[in-house]
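Not measured: the values here are computed from a predicted model. All residue numbers refer to positions in the sequence shown, counting from 1.
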Amino acid sequence: MRKNIFSQLFMLSLFIGILSGCNMNLYPEDELSTATYFTSETALKEYSNYFYRMMPDPETMYAEEGEHFISPIPSDLVVGIRDIHSGEAWWKKDNWKNLRKINYLLVNAHQCEDIAARDHYRGVAYFFRAYFYFDMLRHFGAVPWYDAPLNAEDKEQLNKPRDSRDVVFNHIVEDLDSAFALLPKTRTAYEVNAYTALALKSRACLFEGTFRKYHAGSTFNGGSSVYNEQLPWEEILTMAANCSYELMNSGYKLYTSGEEPYRDLFATLTPQESEVIWARAFSNDLNIKHNAQAWSVARTTSFTKRHADLYLMKDGTRFNQVQGYDTLGYLKVFENRDPRMAQTIHAPGYIQKGATKTYAVNMSMTTTGYKYIKYIMESAYNNWGGSVCSMPIFRLAEVYLNYAEAKAELGTLTQADLDNSINLLRDRVGVAHLNLVAANAHPDETMLSKNGYGFASPLLASHPNKGVLLEIRRERMVETPLEGLHLWDVIRWKEGQLFTLERLGLYFPGEGKYDLTGDGKANILLSPTRKSGGIGVTCLVFDQDIHLTNGTFGNMIAYKDMIFKWDENKDYLWPIPIMDRTTTLGALSQNPGWIDNISF
């Protein structure tokens with residue numbers, strides 16, 4: 001009976017692309033007989049089914065943390081008020097339990113005599129072990145490495161200190177190389193394959209290489225001053241470039257169909273498998289859903305002006321070169337811009353999927369005016385917990401960005417490299433190409449200010465590829481918002497001071513009526529008192545419904561009177577939980593800057 005249940009669950013998982021929504025009660029490992037259980041492909045498949053529960057929560061994507069995106073209540077991380085317990089969510093028992101299950105399969109898979117099946121599911125396990133450790137590395141830096149399932153009596157191993165960042169990262173790379181060698185080289189967006197491993201290696205190597213470069217000399221590189229990391233960032237970024245290039249030439253292609261291919265890439269029930277390497281999918285029939293659509297429709301979620309200003313003009317020139325760009329109204333800020341802007345943010349003329357008419361952005365549900373439409377499908381999915389669009393985890397566009405950034409950091413980027421990566425992304429939406437020589441000759445200096453993504457880094461300011469690196473960072477921001485990448489970009493670039501900036505939105509010159517659709521009819525009235533603006537006009541009262549930087553005029557303020565902080569001496573890593581430090585009698589050292597009052 002149990003095996004029948006497992007088989008049904010697995011077949012369902014192939015249809016919906018996720019497994020975390022299922023209540024999968026596997027045999028406890030101490031009750032399994034490895035001599036009988038792990039002898040078949042079916043058993044390996046059923047057991048490894050559990051690993052897919054590690055796929056990211058959709059909320060970590062559509063509710064992405066950072067200074068570029070507004071949520072109703074900013075997290076403690078973004079505000080800068082995390083406490084010593086903030087690491088517990090990632091160091092929790094269930095996460096380490098996942099690792100134990102992975103290691104348990106790896107040490108017992110040899111019981112299966114079907115070599116092809118055995119290798120396949122060993123490859124799956126290697127991928128998920130690397131996936132687990134990469135997430136731990138991003139959060140905590142150096143952590144203990146375990147490649148065997150531990151039992152309660154394994155006191156020495158359970159109480160061991162952290163392995164160095166070098167050890168952990170090298171094992172991640174080794175596991176991904178093993179996964180790539182063992183897994184099938186077929187495009188299966190819902191199942192782990194060889195290219196999924198290559199995509200994770202591309203992401204992990206870019207993260208680690210740039211983290212080591214921009215955090216050079218800090219204790220964050222090892223998680224503790226006792227570690228002396230040896231692996232140079234250049235070597236790691238070379239790996240990032242090489243594996244990205246291999247994946248770029250593996251048969252995947254950017255999705256370019258239809259009039260709005262970028263928008264359609266995310267507003268779809270099933271992933272566009274030409275581009276999407278790994279995705280998490282959802283199902284109405286199985287009642288496995290998420291909140292990406294309701295998060296936009298029914299919550300005060302928005303992008304900031306900083307993010308909106310990043311989008312170039314269609315001819316490739318910068319928005320900040322437009323006369324009076326800082327005080328343009330809603331109808332003007334979208335004119336002649338990179339089409340990804342209007343395919344990501346509610347713009348004049350926006351029509352929801354399945355509808356026939358445009359409607360004005362709901363200013364009661366945004367604190368900046370830049371409402372997001374990414375992942376938004378037909379109105380039938382507007383209800384809370386009603387979204388079923390697929391969520392891409394890895395896609396070819398990110399690999400292009402990883403490749404270009406790694407090559408630019410290494411100083412080996414060529415125009416041909418840009419034409420085979422960044423400029424393909426621009427071709428999809430009809431934006432002029434990025435030129436290497438021109439970008440480096442005329443860098444956008446505002447990108448080195450608080451309006452950009454490099455203002456805190458003297459390393460970037462002095463880089464010979466400064467101009468093109470800034471444009472690659474811009475491209476990353478406009479291509480991948482709300483995909484769960486931005487927080488980690490800020491951390492690896494050592495740009496945490498971005499989180500301290502005020503979150504601003506659209507500019508309004510003062511009291512009066514405003515047209516938000518371009519049809520010549522007013523949609524909102526800004527006023528110092530509550531009054532009628534007429535049929536179809538919503539009145540917004542200053543300092544009640546809308547907050548502007550100068551009271552009755554200026555840019556919208558998302559979080560009135562809120563102070564944001566970032567501690568450069570501790571906030572790039574999460575703290576090791578107190579309980580685990582105590583249990584190991586201090587063998588687990590604490591991360592820099594976090595004070596837990598344990599005297600070990």
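- The closest donor-acceptor contact from the side chain of Ser296 to the backbone of Tyr372 lies under 3.5 Å.
- Under the 4.5 Å side-chain criterion, counting only non-hydrogen atoms from C-beta, Glu378 is not in contact with Gln293.
- Around the CE atom of Met579, the shell of radius 6.0 Å holds no more than 12 heavy atoms that belong to other residues, nucleotides or ligands.
- The distance from the NZ atom of Lys565 to the OG1 atom of Thr500 is 12.0 Å, given to the nearest 0.5 Å.
- Between Tyr131 and Phe51, a ring centre-to-centre spacing not shorter than 6.0 Å is recorded.
- Crowding of Lys253 atom NZ: a count of heavy atoms from other residues, nucleotides or ligands under 6.0 Å not exceeding 12.
- The residues Arg473 and Asp489 are annotated as not salt-bridged, no charged nitrogen and carboxylate oxygen being separated by less than 4.0 angstrom.
- Here the side chains of Glu475 and Leu310 are not in contact, with every heavy-atom distance at 4.5 Å or above.
- For the salt bridge (Lys or Arg N to Asp or Glu O under 4.0 Å) criterion with Glu479, the lone passing option out of Arg426, Lys374, Arg474, Arg395 is Arg395.
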Only pairs under 3.5 Å count here: list side-chain donor-acceptor contacts from residues 65-83, not counting sequence neighbours, and write none if there are none.
unit_1 : atom_1 : unit_2 : atom_2 : d
Glu65  : OE2    : Ser75  : OG     : 2.1
Glu67  : OE1    : His486 : NE2    : 3.0
Glu67  : OE2    : Arg306 : NH1    : 3.1
Glu67  : OE2    : Tyr453 : OH     : 2.7
Glu67  : OE2    : His486 : NE2    : 3.2
His68  : NE2    : Glu64  : OE1    : 2.8
Ser71  : OG     : Ile73  : O      : 3.3
Ser75  : OG     : Leu77  : N      : 3.4
Ser75  : OG     : Val78  : N      : 3.3
Arg82  : NH2    : Asp571 : O      : 2.7
Arg82  : NH2    : Asp571 : OD1    : 3.4
Asp83  : OD1    : His85  : N      : 2.9
Asp83  : OD1    : Ser86  : N      : 3.3

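- Residues Thr552 and Phe542 come closest through the heavy atom pair O-CZ, 3.5 Å.
- Checking side-chain atoms of Asn336 against main-chain N and O of Lys314 turns up no donor-acceptor pair under 3.5 Å.
- Using a distance-only test at 3.5 Å, with no hydrogens or angles considered, a donor-acceptor pair links the side chain of Asn95 to the main chain of Trp90.
- Phe508 has its ring centre less than 6.0 Å from the ring centre of Tyr514.
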Q.
side-chain contact (heavy atoms from CB on, under 4.5 Å), that's the test. Do Gln497 and Glu568 meet it? Break it down for me.
A. CA-CA 8 Å; Gln497 291 303 312; Glu568 288 286 313; 3.1 Å; yes
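- In this structure a side-chain-to-backbone donor-acceptor pair under 3.5 Å is missing from Thr188 to Tyr190.
- Within the model, atoms CG of Leu506 and CG of Leu328 stand 10.5 Å from one another, a figure rounded to the nearest 0.5 Å.
- A heavy-atom distance below 4.5 Å is found between the side chains of Lys305 and Asp326.
- By the side chain to side chain contact (heavy atoms under 4.5 Å, CB included) test, Ile351 pairs with Ala355, Thr358, sequence neighbours left out.
- Tyr255 places none of its side-chain heavy atoms less than 4.5 Å from the side chain of Thr268.
- The number of heavy atoms from other shown groups lying within 6.0 Å of CD (Gln544) is above 12.
- Residues Met377 and Leu269 have side chains in contact (heavy-atom distance under 4.5 Å, counting atoms from C-beta outward).
- For Asn555 and Arg503, the side-chain atoms include no donor-acceptor pair closer than 3.5 Å.
- When ring centroids are compared, Trp278 and Phe127 come within the 6.0 Å threshold.
- Between Tyr572 and Trp566, the gap from one ring centroid to the other is short of 6.0 Å.
- Annotation for Pro481 and Tyr262: closest pair CD-OH, 3.8 Å, computed over non-hydrogen atoms.
- Looking only at atom types and distance, the side chain of Asp285 has no donor-acceptor partner in the side chain of Ser283 under 3.5 Å away.
- The heavy-atom pair separating Ala397 from Arg428 by the smallest distance is CB-NH2, 4.1 Å.
- Taking every heavy atom of both residues into account, Gly369 and Met556 meet most closely at N-SD, 3.8 Å.
- Ring centers of Tyr370 and His307: at least 6.0 Å apart, outside the cut-off.
- A donor-acceptor contact shorter than 3.5 Å is absent between the side chain of His547 and the backbone of Thr367.
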Q: Test side-chain contact (heavy atoms from CB on, under 4.5 Å) on Val333 and Asp309 and set out the steps.
A: CA-CA 9 Å; Val333 295; Asp309 285 355; over 6 Å; no
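- For the side chain to side chain contact (heavy atoms under 4.5 Å, CB included) test, residues two or more places apart in sequence or in another chain that qualify with Phe553 are Tyr507, Asn550.
- For the residue pair Val537 and Ile524, the shortest heavy atom distance occurs at CG1-C, 3.7 Å.
- Cation-pi geometry between Arg340 and Tyr311 is not met at under 6.0 angstrom from the ring centre and within 45 degrees of the axis.
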**Q.** side-chain contact (heavy atoms from CB on, under 4.5 Å) assessment of Leu525 paired with Cys539
**A.** CA-CA 5 Å; Leu525 165 66; Cys539 179; 4.3 Å; yes
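- A donor-acceptor contact shorter than 3.5 Å links the side chain of Lys371 to the backbone of Met365.
- Contact check on Lys97 versus Asp94 returns no salt bridge, with no Lys/Arg side-chain nitrogen under 4.0 Å from an Asp/Glu carboxylate oxygen.
- Checked against the 6.0 Å centroid criterion, the rings of Tyr52 and Phe128 qualify as a close aromatic pair.
- The backbone N or O of Ala308 sits less than 3.5 Å from a side-chain atom of Arg337, completing a donor-acceptor pair.
- When side chains are defined from C-beta on, Phe266 does not count as touching Leu482, because their heavy atoms never get closer than 4.5 Å.
- Residues Asp545 and Arg530 form a side-chain contact, since some pair of their non-hydrogen atoms from C-beta on lies under 4.5 Å apart.
- For the side chain to side chain donor-acceptor pair (under 3.5 Å) with Thr210, the qualifying choice from Arg492, Lys494, Glu405 is Arg492, the only one to do so.
- The backbone N or O of Leu573 sits nowhere less than 3.5 Å from a side-chain atom of Asn591 that would complete a donor-acceptor pair.
- In this structure, Thr549 and Gly554 approach most closely via the heavy-atom pair OG1-CA, 3.4 Å.
- Separating the OG1 atom in Thr446 from the CZ atom in Phe319 is a distance of 11.5 Å, to the nearest 0.5 Å.
- Atom CG of Leu498 sits about 11.5 Å away from atom NZ of Lys450, to the nearest 0.5 Å.
- Side-chain contact between Leu401 and Leu425: present, with at least one pair of heavy atoms (C-beta onward) separated by less than 4.5 Å.
- The structure places CE of Met313 at 8.0 Å from CD of Glu335, a figure rounded to the nearest 0.5 Å.
- A distance of 6.0 Å or more separates the ring centres of His346 and Phe303.
- The OG1 atom of Thr304 lies 9.0 Å from the CG atom of Leu501; values are rounded to the nearest 0.5 Å.
- Figure legend: cation-pi geometry between Arg203 and Phe207 absent, as NZ or CZ is not positioned both under 6.0 Å from the six-membered ring centre and within 45° of its axis.
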